[in-house]
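Each remark here refers to the structure printed beneath this line.
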Amino acid sequence: MTKLNYKLLLLACGLPATARAQTSATPPARSAVIEAIKHQPDKAPPAEEPLYKREYTAAKPAYAVPALKPYTGPRKPIKNIILLIGDGMGPTQVTGGLIANHGQLYMQQAQATGLSITCNQYGKITDSAASATAMATGHKTYNGALGVDSAGHTFRSIMWDAREHGKSTGLVAGCELTDATPAAFAITHPDRNQPEAIAAKFPAAPIDFMYAGGLKYFAHRQDGVDLLARYRAQGYQVATTPAAAQALTSPKSIALLAETGPPRMPERTAAYMTLGVTKALDLLGRNKNGFFLMIEGSQIDDAGHFNNTTYNVQEVLDFDQQVGRAFAFAAANGETLVVVTADHETGGYSIIDGGMTEGQVTARFATNKHSAVMVPVFAYGPGSELFTGMYQNTEIYARIKQALGWK
């Protein structure tokens, strides 16, 4: 190391360039440099940044997490699949939720854990469309694509397989129904940013139960077409208010409860996702052949893009409560496989201070975009053992089919 470089290193560590004996030519040990860095004060956030964007504190847990009683009866064939996707939920987002809820999450009760590698077709950082396509079809693709790739190939969603095996299918999301993740499980389209064109393909999709936002793309379209009338003609029940959604009695239902995306937490309240998930499990669960349900916690991603710690924690906790409902459903019947994962991490989220006793999370973000960080996989129920290890996100599709014995 030259004298110049050494002086620069000392200055970078906040140490005077005269901090070592002038007669020594030996650079400092790595441990000494790291210790010097560790004892430098953190950079203060911009003065105009509100506290809620970098810190969350809850004096009490948002909810209790009772221990589940796992199914202990005879082994049954897998009848139902519940796939929960926390959009933008990396390992640190889960950690933030755990700390904020005073050390308790339903995700902790998973029976198997793994890591999913989320890169797109080109090995680059993915978007939601490419990652959802990988999980729905088993094929990597370019960012923005829904069920197609750059060579023009079209890939079939696993929902078609479910329907061919006599199962009911459903989508529940905290975003527009036409948004990337729910859309990738329903239709194929080369560009995720064309919501009206995507909505026009939904009536032909293999989806029985739908609960999300995005009403304007179905009922208040620029071309004047009323897609909800088409659903009614196909025998679907239609709801556009929570009360009407609560009154649904058919597995063939579409509930669109917001013109675009539903509000964020806490304005949305836990009642929004709870109603959708509870109604889906009730109505789809009536099929003797079972069901395939995809549930998305959509706005963890939004919180990451906005670099908002409070928003992030609130969305993770809302999502975790739906994980709890899915785990409890599986524990009660012994014939449901639940898989919890994410499409990618958003924000380069890092927790730098806080504590479980206080329910306090102090965090920083490295970016307002997606990152390459691997995302967690949590599984519960029969077949959960297949989801350990580290693997590409296309394996979510492959291992679900393996668990079901589908070719």
Side-chain angles (χ1 to χ4, degrees), residues 49-56 62 84-97 100 118 125-132 135 143-144 146 171-185 192-193 195 198 211-217 256-274 276-277 294-323 340-351 361 363-373 375-376:
E49 183 178 64
L51 182 63
Y52 69 81
K53 293 197 71 174
R54 49 192 165 87
E55 186 173 296
Y56 172 95
L84 296 104
I85 299 173
D87 195 331
M89 186 185 74
T92 310
Q93 281 81 356
V94 176
T95 305
T118 65
I125 293 174
T126 192
D127 79 336
S128 294
S131 188
M135 291 185 280
N143 288 352
L146 299 168
L171 301 172
V172 174
C175 61
E176 296 91 336
L177 185 59
T178 53
D179 206 7
T181 302
F185 282 83
R192 63 172 288 185
N193 296 308
I198 290 167
Y211 179 98
L215 178 62
K216 69 177 291 186
Y217 305 122
L256 301 174
L257 305 189
E259 277 290 293
T260 53
R264 52 176 282 187
M265 289 293 289
E267 179 186 351
R268 186 177 73 243
T269 79
Y272 172 85
M273 289 299 287
T274 298
V277 172
M294 193 287 291
I295 301 166
E296 185 190 30
S298 312
Q299 296 191 43
I300 302 169
D301 177 64
D302 298 24
H305 286 301
F306 287 121
N307 285 182
N308 187 324
T309 296
T310 296
Y311 187 8
N312 209 306
V313 167
Q314 291 170 332
E315 293 293 340
V316 169
L317 296 182
D318 186 50
F319 179 69
D320 182 63
Q321 291 176 75
Q322 309 319 315
V323 172
V340 183
T341 189
D343 49 358
H344 53 73
E345 193 275 346
T346 303
Y349 192 50
S350 176
I351 296 172
V361 177
R364 297 288 185 271
F365 295 85
T367 178
N368 60 7
K369 300 177 177 64
H370 300 171
S371 78
V373 172
V375 298

For the student: nearest non-hydrogen atoms of [X] and [Y], plus distance:
X: G276; Y: V172; answer: O-CG2, 3.7 Å
X: Y349; Y: V361; answer: OH-CG1, 3.9 Å
X: P182; Y: E296; answer: CD-OE1, 3.5 Å
X: F185; Y: A132; answer: CE1-O, 4.1 Å
X: C175; Y: S298; answer: SG-OG, 3.2 Å
X: V373; Y: T118; answer: O-OG1, 4.2 Å

Heavy-atom donor-acceptor pair, [X] side chain to [Y] backbone, under 3.5 Å:
X: N143; Y: D127; value: yes
X: N368; Y: G347; value: no
X: Q299; Y: P263; value: yes
X: N307; Y: T367; value: yes
X: E259; Y: L215; value: no
X: Q93; Y: G90; value: yes
X: E315; Y: G297; value: no
X: T310; Y: Y52; value: yes
X: N312; Y: F306; value: no

**Item:** Side chains of K369 and I125 in contact at under 4.5 Å (non-hydrogen atoms)
**Value:** no
**Message:** Counting C-beta onward and ignoring hydrogens, is there a side-chain heavy-atom pair between L84 and M89 closer than 4.5 Å?
**Reply:**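 A side-chain contact is absent here, since even the closest heavy-atom pair is not under 4.5 Å.
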**Message:** Would you call the rings of H370 and H305 parallel, tilted or perpendicular, taking 30° and 60° as the class edges?
**Reply:** tilted
**Message:** Quick check: Y272 with Y211 (ring centres under 6.0 Å apart)?
**Reply:**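 Between Y272 and Y211, which both carry aromatic rings, the centre distance is below 6.0 Å.
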**Request:** Any chance you could measure T95, atom OG1, to I351, atom CD1, to the nearest 0.5 Å?
**Result:**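 The OG1 atom of T95 sits 5.5 Å away from the CD1 atom of I351.
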**Message:** Just verifying a value: how many Å separate I85 CD1 and D301 CG, rounded to the nearest 0.5 Å?
**Reply:** 12.5 Å
**Message:** Before you tell me yes or no, could you show the steps for Q322 and T274 under side chain to side chain contact (heavy atoms under 4.5 Å, CB included), namely the whole-Å CA-CA distance, both residues' side-chain angles and the distance that decides it to 0.1 Å?
**Reply:** CA-CA 7 Å; Q322 309 319 315; T274 298; 3.6 Å; yes
**Request:** Check step by step if side-chain hydrogen bond (donor to acceptor under 3.5 Å, both in side chains) holds for Y56 and Q314.
**Result:** CA-CA 9 Å; Y56 172 95; Q314 291 170 332; 5.7 Å; no
**Prompt:** Does the side chain of S371 pick up a donor-acceptor pair with the side chain of H344 at under 3.5 Å?
**Reply:**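 No, H344 and S371 have no side-chain donor paired with an acceptor closer than 3.5 Å.
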